[in-house]
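Working notes, structure below.
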Amino acid sequence: MTTDLDGLTALVTGGASGIGLATAHLLSERGAQVAVLDLDPSGALPPLRRFNADVCDDRAVRAAVQGAAEALGGIDILVNNAGIGATGTVEDNPDEQWHRVLDVNVLGIVRTTRAALPYLRDSASASVINTCSIAATAGLPQRALYSASKGAVLSLTLAMAADHVREGIRVNCVNPGTVDTPWVGRLLDAAADPAAERAALGARQPTGRLVTAQEVAAAIAYLASPASGSVTGTALAVDGGMAGLRLRPAER
Ligand code: NAD
């Protein structure tokens, strides 16, 4: 059976857990040869190829990107998904934490993309997809640092799309709402009442539930596919309607 990503190669950062792992699996099912780059890639099993790197370490990123390109025979699709969270208002996070979160969430994309650009330029179907967030476009409480990092990811996505469109490289991002991943599981575990916290996060999305990692992966796979060949410089919300809808309270 021929599928839309047959013959293409993909590298997914943060590809060993959550959204990244679901994306790596889906791209592979759709026919791509897929490698993951992760701090701890052990969660990614064959046929996914694994590369160990911290996106904050430029030398390690360059080595992993080159290793992935050699193992796959190029890079057509780059999914910049590795990211970390932070909670608190603008008063709460020390400078070191600001530097660390911006280093992972923003400069991580810079490092992997610049290392992958020579391979993307050689591709006849090049696509970069950044994992951004609803936090880039809506003010969420207790997310000052995280939101600042994802606002930067949104702007960086647009700038990269402009810079590379004439090289045949498309650049887009996905903006998930709250997604049911190990990351959110850890947040829920830390809450005083995890069940109440899960219900509150679900209720914040007009669909009334958390987004699944598979739903975000499906959006990324669309943006990776030649089917989206005229789509660049966009942010695709996968947020249960959170960014765009204003509902009245439910009728009783
Ligand atoms: P996750 O914690 O389940 O997975 C993140 C993966 O990234 C892990 O495998 C981790 O090892 C890897 N990683 C973290 N720091 C790294 C580093 N410095 N170098 C290399 N790899 C690193 O998280 P997730 O929920 O799947 O989140 C993935 C992305 O989605 C993040 O960019 C996050 O900001 C974004 N996002 C998540 C949600 C959500 O609700 N879960 C919502 C919007 C956006």
Side-chain angles (χ1 to χ4, degrees), residues 11-26 35-45 48 50-65 68 78-87 97 99-112 115 129-138 140 142-143 145-154 156-157 173-190 197-198 200-202 204-205 209-217 219-220 235-240 242-243:
L11 177 63
V12 182
T13 75
S17 174
I19 293 168
L21 184 59
T23 300
H25 279 308
L26 184 59
V36 308
L37 179 162
D38 203 292
L39 265 184
D40 173 10
S42 59
L45 300 176
L48 306 177
R50 305 198 282 214
F51 292 86
N52 195 325
D54 181 342
V55 295
C56 297
D57 179 342
D58 191 52
R59 188 191 294 240
V61 166
R62 286 183 188 279
V65 169
L78 173 64
V79 183
N80 284 311
N81 168 77
I84 56 174
T87 56
Q97 193 181 7
H99 288 300
R100 175 70 188 166
V101 173
L102 293 171
D103 202 12
V104 175
N105 291 6
V106 185
L107 276 81
I109 294 178
V110 174
R111 292 187 188 96
T112 47
I129 304 99
N130 299 326
T131 305
C132 189
S133 172
I134 177 75
T137 58
L140 306 180
Q142 295 287 327
R143 291 291 183 277
L145 165 51
Y146 181 69
S147 300
S149 77
K150 293 300 184 177
V153 170
L154 179 59
L156 179 60
T157 300
C173 66
V174 289
N175 286 7
T178 305
V179 189
D180 200 353
T181 67
W183 165 337
V184 168
R186 290 190 293 273
L187 277 177
L188 294 176
D189 289 345
E197 182 66 9
R198 173 180 280 273
L201 290 174
R204 191 167 66 170
Q205 300 182 155
R209 62 168 176 84
L210 299 188
V211 177
T212 68
Q214 289 72 22
E215 289 169 329
V216 183
I220 293 173
L236 177 49
V238 190
D239 62 1
M242 198 175 162

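Counting starts at 1 for both ligands and their atoms, in listed order. Nothing here was measured: the structure is a model prediction, and the numbers come from that model.
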Practice task
Report the nearest protein non-hydrogen atom to atom 8 (C) of ligand 1: residue, atom name, distance rounded to 0.1 Å.
Solution key: D38 OD2, 3.6 Å
Can you find an N or O of [X] that's nearer than 3.5 Å to an N or O of ligand 1?
X    : answer
N81  : yes
L39  : yes
R186 : yes
I19  : yes
V104 : no
V179 : yes

Per-residue contact class, [X] against ligand 1 - non-hydrogen pairs under 4.0 Å:
X    : value
A135 : neither
I134 : neither
A213 : neither
T181 : side chain

Handout entry: Contacts of type ring-ring contact (aromatic ring centres under 6.0 Å, His included), residue Y146, not counting sequence neighbours
Key =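 Testing Y146 for ring-ring contact (aromatic ring centres under 6.0 Å, His included), a comparison that skips the adjacent residues, returns W183.
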Does [X] reach ligand 1, in the sense of a heavy atom lying below 4.0 Å from it?
X    : answer
G85  : no
G108 : no
G177 : yes

Fill in the blank from the handout: If we number the atoms of ligand 1 from 1 as shown, the ones under 4.0 Å from a heavy atom of T178 are 40 (O)
Practice task
Give a yes or no on whether a salt bridge exists between D239 and R204, defined as a side-chain N under 4.0 angstrom from a carboxylate O.
Solution key: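 Salt bridge flag = no for R204 with D239.
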Exercise for the section: Could you tell me whether the side chain of N105 and the main chain of S149 form a donor-acceptor pair under 3.5 Å? Expected result: no
Handout entry: Test salt bridge (Lys or Arg N to Asp or Glu O under 4.0 Å) applied to D180 and R209, step by step
Key = CA-CA 9 Å; D180 200 353; R209 62 168 176 84; over 6 Å; no
Problem - Of L187, L210, T178, the residue whose pairing with R198 passes side chain to side chain contact (heavy atoms under 4.5 Å, CB included) - result: L210
Problem - Passing candidate, side chain to side chain donor-acceptor pair (under 3.5 Å) with N80, options T131, N130, T13 - result: N130
